[in-house]
Protein chains: 2
Amino acid sequence: MKHTSVVEDYLKAIWGLQQIERPVATSRIAERLDLTAAAVTAMIKRLADQKLVRHEPYRGVILTPAGELSALRIIRRHRVLELFLTETLGYEWDRVHDEAERLEHAASDELIERLARLLGEPERDPHGSLIPTAEGTVDREKLPALPDLPVDAPAAVVEVRVQSPDRLRYLGSLDLFPGAEVMVREQAPFGGPLSVEVNGAARVLARELAEQILVRPASRDEPSGDASPAEDAPGKAGAA
Amino acid sequence: MKHTSVVEDYLKAIWGLQQIERPVATSRIAERLDLTAAAVTAMIKRLADQKLVRHEPYRGVILTPAGELSALRIIRRHRVLELFLTETLGYEWDRVHDEAERLEHAASDELIERLARLLGEPERDPHGSLIPTAEGTVDREKLPALPDLPVDAPAAVVEVRVQSPDRLRYLGSLDLFPGAEVMVREQAPFGGPLSVEVNGAARVLARELAEQILVRPASRDEPSGDASPAEDAPGKAGAA
DNA sequence: TTCAAGGTTTAAGGTAGTCTAAAAATCTCC
DNA sequence: GGAGATTTTTAGACTACCTTAAACCTTGAA
Ligand SMILES: [Mn+2]
Ligand SMILES: [Mn+2]
Ligand SMILES: [Mn+2]
Ligand SMILES: [Mn+2]
């Protein structure tokens, strides 16, 4: 039931990659964790021994239910910690990942649950990612990205799926935090940039970045979502 | 400049033992860290290679200035974290040590300084231990223990040098937190227990425990200390 | 002054995790 | 249905710790 921090990071990586492709290839894990493929193969064997993954040689791995549960518990830790760092300690949203990456292995369940209570049992981290419950469950949501929006349709930023501190800092300078009100004004052809209104201000944004910004279109009838319960705006964490 | 968590724990242990006896014997370190003497000898070699300790074979080790600086920085982390856990998250004072023991290795300097700011740049941890400065300095203070007090002389608890959660919990149930007002009423002979008044309530306390409770006698003229600046009562952290 | 007790170090071996280089399997594309 | 490219796994080594058992100092008491 208790794993090393290295194992925890592997599980987290595999879980994330699994959202894209199952089974997960050795090389995908290697590049995400910045290790050689040989190291990953060796670790995969240990994970399989511990019944955390199933491995088909030369084919890849998938998490077992036990592995997935552990992964989600670590992801919960990571995201709760990230939110604590921005909300309580005033970190910028581009600086929280590395800190949380280490703390997630040292914090006890009790600490995480106390932090979650302090933060009001939050649903999303500073980047808008859903925080798994303490029991290890998350909804799988498929939201449109900014370039998927029709022109002039209002929407709200929900999640910014960007890791790089540089990019996050840049997006922050454009006010593109979860909760921001956005509207696509124009999409340049041939994969060109988007003209977007963010909280009323006109911005131009590289398509590559825009694709990582997930939004919820404003429903025309009601101000909130139609089928889902009213969203609580996560509040722009650590604005510059 | 950056050490493994194991190295950090060795430095911390050696620093603490050095306050009692210099040089520090292999076996003292082994028992404090719950390791075999052989493991300690091996590690001492590595520490000496890194110029963190000086080792005289068969005699013991002492920290170099670099080693002491590192030790004090880790002790600062540990104590700031402990205070955060009691003050901000409502932990009891007997539960914070283990948690801090792990977090101290994962938290960045920036995190610790932000916590310290949040906590008002505190001077003492929940047990009353002095928190080294960010620069890595602490005053060495020698306070009397409870059994050193003359009968009927009022004093204030400053530090409770007890590790064991059981004992801490017990002392907490007697209100013996830093800041408590105490007065020894009677000392049973032959190493017997002490009768002590704690915040006005009569208590009986084993001498062994009383010896770990450091106090500052109230000066008869002024309510505060005479030479030192007024102490800020650390507030009874996590009272039951 | 010797010698045994007790603490310390060395020797040998183990686990977890990493790397490079080589071997093996799979994929791609003609 | 291969040949060659690409991935994956194996083999062999290395670092950081830890353990037990044996050898080695230091010391104090006879
Ligand atoms: Mn991590
Ligand atoms: Mn995040
Ligand atoms: Mn520690
Ligand atoms: Mn303490």
Side-chain angles (χ1 to χ4, degrees), chain A residues 1-14 17-18 20-63 66-67 70-71 74 101-102 104-106, chain B residues 1-14 17-18 20-63 66-67 70-71 74 101-102 104-106:
Chain A
M1 204 83 212
K2 200 48 192 84
H3 311 121
T4 66
S5 13
V6 175
V7 166
E8 290 182 341
D9 282 338
Y10 270 88
L11 293 176
K12 203 149 55 78
I14 295 168
L17 292 164
Q18 227 176 220
I20 303 164
E21 192 178 34
R22 263 162 66 107
V24 177
T26 303
S27 52
R28 293 289 81 68
I29 302 170
E31 71 198 18
R32 177 170 294 210
L33 296 177
D34 197 23
L35 299 170
T36 61
V40 173
T41 301
M43 175 57 83
I44 277 171
K45 285 212 186 116
R46 261 174 269 137
L47 297 178
D49 286 348
Q50 294 175 63
K51 304 270 193 270
L52 295 168
V53 301
R54 267 214 327 277
H55 181 215
E56 286 223 52
Y58 293 98
R59 284 276 128 75
V61 290
I62 58 175
L63 293 172
S70 289
I74 301 150
E101 196 58 56
R102 283 173 284 110
E104 63 189 357
H105 312 293
Chain B
M1 205 80 213
K2 202 43 192 87
H3 311 121
T4 66
S5 10
V6 175
V7 166
E8 290 182 342
D9 282 339
Y10 270 88
L11 294 175
K12 204 148 56 79
I14 295 168
L17 292 164
Q18 227 177 220
I20 303 162
E21 192 178 34
R22 266 164 62 108
V24 177
T26 303
S27 52
R28 294 285 82 66
I29 302 170
E31 73 198 18
R32 177 170 295 211
L33 296 178
D34 196 23
L35 300 170
T36 61
V40 173
T41 301
M43 175 57 83
I44 277 170
K45 284 210 187 119
R46 260 174 269 137
L47 296 178
D49 286 348
Q50 294 175 63
K51 304 269 192 274
L52 294 169
V53 301
R54 270 215 324 279
H55 181 216
E56 287 224 50
Y58 293 98
R59 285 274 127 76
V61 290
I62 57 174
L63 292 173
S70 289
I74 302 151
E101 196 58 56
R102 283 173 283 112
E104 64 190 356
H105 312 293

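What you see below is based on every heavy atom in this structure, not just the backbone, and it leaves out hydrogens, waters and symmetry mates. Letters go in sequence order (proteins before strands), and every chain restarts at 1.
Residue Gln50(A) contributes atom CD, which lies 12 Å from atom C1' of dT15(C) at whole-angstrom precision. For the pair Glu31(B) CD and dG6(C) P, the computed distance is 16 Å after rounding to whole Å. Taking atom CG of Leu52(B) as the reference point, atom P of dA16(D) lies 13 Å away to the nearest angstrom. When the C1' atom of dA16(C) is taken as reference, atom CG of Asp9(A) falls 15 Å away, rounded to whole Å. Leu47(B) places its CG atom 12 Å from the C1' atom of dA16(D), with the value rounded to the nearest Å. The nearest whole Å value for the distance from the CG atom in Asp34(A) to the P atom in dG17(C) is 17 Å. One atom, CG of Leu17(B), and another, C1' of dG7(C), lie 16 Å apart when rounded to the nearest Å. Distance, Glu8(B) CD to dC17(D) P: 11 Å, rounded to whole Å.
In this structure, the side chains of Asp9(A) and His105(A) come closer than 4.5 Å at one or more pairs of heavy atoms. Contact annotation: the side chain of Leu11(B) approaches that of Leu63(B) to within less than 4.5 Å [non-hydrogen atoms, C-beta and beyond]. At least one side-chain heavy atom of His3(B) sits under 4.5 Å from a side-chain heavy atom of Ser70(B). For the pair Val53(A)/Ile62(A), no side-chain contact is recorded, criterion being any heavy-atom separation below 4.5 Å from C-beta on. Under the 4.5 Å side-chain criterion, counting only non-hydrogen atoms from C-beta, Val61(B) is not in contact with Leu47(B).
Phosphate contact (OP1/OP2 of dT20(C), side-chain N/O of Thr36(A), threshold under 4.0 Å): absent. At the phosphate of dC18(D), OP1 or OP2 sits under 4.0 Å from a side-chain N or O atom of Tyr10(B). Side-chain N/O atoms of Arg46(B) include none lying less than 4.0 angstrom from OP1 or OP2 on dA16(D).
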Protein heavy-atom contacts under 4.0 Å, written 5' to 3' over nucleotides 3-14 of chain D as B (base), S (sugar-phosphate only) or - (none), form the string -----BBB----

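Atom CZ of Arg32(B) has more than 12 neighbouring heavy atoms from other residues, nucleotides or ligands inside a 6.0 Å radius. Within a 6.0 Å sphere centred on CZ of Arg54(A), other residues, nucleotides and ligands contribute 12 heavy atoms or fewer.
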